[in-house]
Amino acid sequence: MLTVQIDPSITSVIPTFKLGLISYHSIAISDSPQMLKGRLQFFQETLQMDLDEKELTEFHGVKEWREAFKTLKIDPSKYRPSHEALLRRIKKGNFLSSLQSAVDLNTFFSLQYQVPFGIYDRTKLKGDLSVKLGQEGDGYEGVNGRYNDMKGKLITIDQLGPFGSPIVDSKRTSVSELTTSAIQLIYLKPSMEVAEAEQLVQAVASMFTQVHGGEVLQESVIHS
């Protein structure tokens with residue numbers, strides 16, 4: 001049973017901060033099935049039409065996470081929550097191409113629920129996890145292809161150091177087609193009630209295993 005702790009430096013200023021945690025075993029990651037590719041493409045096209053008519057801040061998930069970043073003294077205009085960055089790409093018509101099934105499904109979830117998602121190879125993690133604000137020296141090579149200084153930013157760490165964030169994740173713990181066990185983190189909207197958050201986590205776990213097989217070892221909502 002994996003334990004995730006939320007540091008008091010976060011809960012002291014955002015008492016309703018919460019995370020969804022799902023642990024998967026015996027999954028099979030591969031090229032995305034056509035169904036998923038089609039749904040992701042169609043969803044992006046639909047979102048682009050919405051984005052032509054609405055400001056990004058009219059999307060509740062964007063507005064709420066920008067406010068959360070400001071509360072944590074993170075500049076959301078300089079360091080964007082990952083789901084907002086996705087929406088900005090779509091608004092410009094720069095649609096996301098298919099990578100592989102786990103990443104594509106995480107992208108779909110992030111756009112659907114308007115919150116940041118992370119998916120990590122369980123075998124590359126060591127020990128329990130903690131969510132905190134980065135300190136001097138915290139950083140990692142990111143999936144964006146460059147070193148990311150995570151001082152002052154919201155990070156998730158294991159015994160080996162920081163590996164995840166609602167901004168960008170690390171290469172160290174990224175999933176691939178060799179991954180058979182994974183951890184999924186959902187940076188839920190703070191305003192979401194726990195019961196609603198639990199339903200969201202269950203829905204995500206169900207769809208993920210429909211695509212990847214395997215089983216869910218753990219699903220929970222972490223909160224103060």
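Along the sequence shown, residues are numbered consecutively beginning with 1.
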Atom [atom1] of residue position [X] - does it have more than 12 heavy atoms of other residues, nucleotides or ligands inside 6.0 Å?
X    : atom1 : value
E193 : CD    : no
F42  : CZ    : no
E58  : CD    : yes
K54  : NZ    : yes

State, without any angle test, whether [X] and [Y] hold a side-chain donor-acceptor pair at a distance under 3.5 Å.
X    : Y    : value
E198 : Q202 : no
N106 : Q184 : yes
T179 : D121 : yes
S101 : H212 : yes

Ignoring hydrogens and geometry, is there a side-chain-to-backbone donor-acceptor pair from Q218 to L21 under 3.5 Å? no
With D158 as reference, evaluate K126, R172, R122 under the salt bridge (charged side-chain N to carboxylate O under 4.0 Å, His left out) test and give the passing residue.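 The passing option is R172.
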F208/Y24 aromatic ring centres below 6.0 Å: yes
Are F163 and Y120 close enough that their ring centres sit under 6.0 Å apart? yes
Student check: side-chain heavy atoms of L19 and L188 closer than 4.5 Å: no
Quick one: are D7 and T11 in side-chain contact, heavy atoms under 4.5 Å?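 Contact flag for D7/T11 side chains = no.
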For the pair W65 and F69, name the ring-plane relationship: parallel under 30°, tilted 30 to 60°, perpendicular over 60°.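 Aromatic pair W65/F69 classed perpendicular.
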Using the six-membered ring of Y79, assess whether NZ or CZ of K153 lies under 6.0 Å from its centre and within 45 degrees of the ring axis. yes
Compare every heavy atom of I74 with every heavy atom of G152, then report the nearest pair and how far apart it is.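 Reported closest heavy-atom pair: O-CG1, 3.4 Å.
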